[in-house]
Novice: 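First the structure, which I've put down as structure tokens, then a few questions once you've had a look.
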Amino acid sequence: MRTGILLYHHFSEYELSVALSVLRQGNQDIETIGLGDSQVVGEAGLTCVPDSTIEKVDVNELNCLVLPGCDDIGHLKDETRLFSFISQVIEGNSVVAAISSAPFLLAKAGALNTQRYTVGFTREQRDFIGIFNETNYIDSPLVTDGKILTAKGAFFKDFGIQLGKMLELDFNSSWYR
């Protein structure tokens with residue numbers, strides 16, 4: 001089993017930094033996944049070539065999917081293939097971790113209809129977007145509900161540590177403090 005890291009244009013590199021370190025420290029296999037085969041450029045300019053695509057990856061081999069936020073998640077609002085992929089991963093009983101603006105992708109996939117969550121959007125932004133269930137919103141840095149982890153972007157260290165705990169990895173969390 002391995003963790004899939006979704007990469008799309010403008011993904012936030014720093015939000016993945018501690019999560020990636022925890023996964024490596026815990027000897028978790030990682031597979032980067034793109035929407036297509038082409039290079040992806042993060043919001044800080046890091047160019048990456050995903051190992052696989054959402055069409056090619058075997059979701060049955062994933063025990064986790066990590067969704068980084070980005071500076072403008074709106075460019076993904078019509079990616080129905082992506083929402084279907086996320087739904088398949090969730091149905092496979094995998095851990096799904098979304099940070100900053102990425103809970104938007106979970107909401108679009110229908111995963112936040114009954115799950116408690118947080119997101120890096122203000123109330124006005126959530127209302128404008130119109131897909132978030134406000135009843136389940138928790139104004140907290142980090143929210144875990146079942147196998148879904150959501151966090152605000154500034155709490156990327158806590159996000160990475162909680163991800164490692166959810167995956168029951170052997171790592172030293174004090175290393176990140």
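One is the number of the first residue; the rest follow in order along the sequence. Model, not experiment: these values are computed from the prediction.
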Novice: Taking side chain as C-beta onward, heavy atoms only, is Val22 less than 4.5 Å from Tyr176?
Specialist: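 Yes, at least one pair of side-chain atoms sits under 4.5 Å.
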Novice: Quick one: pull up OG1 in Thr144 and CE in Met166 and give me the separation to the nearest 0.5 Å.
Specialist: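 Thr144 OG1 to Met166 CE: 5.0 Å, rounded to 0.5 Å.
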Novice: If we ignore angles and hydrogens, is there a donor and acceptor under 3.5 Å between the side chains of Thr47 and Gln39?
Specialist: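 The criterion, which ignores hydrogens and geometry beyond distance, is not satisfied for Gln39 and Thr47.
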Novice: Is there side-chain contact between Asn27 and Leu169, with at least one heavy-atom pair below 4.5 Å?
Specialist: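 Answer no - side chains too far apart.
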Novice: Can you find a heavy atom in the side chain of Val119 that is under 4.5 Å from one in the side chain of Thr150?
Specialist: no
Novice: Taking the six-membered ring for Trp, are His10 and His75 closer than 6.0 Å centroid to centroid?
Specialist: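 Under 6.0 Å, so yes.
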Novice: For Asp51 and Thr32, test the side chains for any donor-to-acceptor distance below 3.5 angstrom and give the result as yes or no.
Specialist: yes
Novice: Any ion pair linking Lys108 and Glu79 (charged N to carboxylate O, less than 4.0 Å)?
Specialist: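 No salt bridge links Glu79 with Lys108.
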Novice: Quick check: is Ile148 connected to Met1 through a chain of hydrophobic side chains (ILVMFWY, heavy atoms under 4.5 Å apart)?
Specialist: no
Novice: Using a distance-only test with no angle check, is there a side-chain donor-acceptor pair under 3.5 angstrom linking Asp170 and Gln25?
Specialist: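 Side chains of Asp170 and Gln25: no pair found under 3.5 Å.
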Novice: To the nearest 0.5 Å, what is the distance between CG (Leu6) and CZ (Phe11)?
Specialist: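 Between atom CG of Leu6 and atom CZ of Phe11 there are 10.0 Å.
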Novice: Would you indicate whether the side-chain heavy atoms of Ile33 and Leu62 approach each other to under 4.5 Å?
Specialist: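 Contact flag for Leu62/Ile33 side chains = yes.
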Novice: Taking 4.0 angstrom as the limit, do Asp139 and Lys152 come out as a salt bridge?
Specialist: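 Between Lys152 and Asp139 there is a salt bridge, with a charged N closer than 4.0 Å to a carboxylate O.
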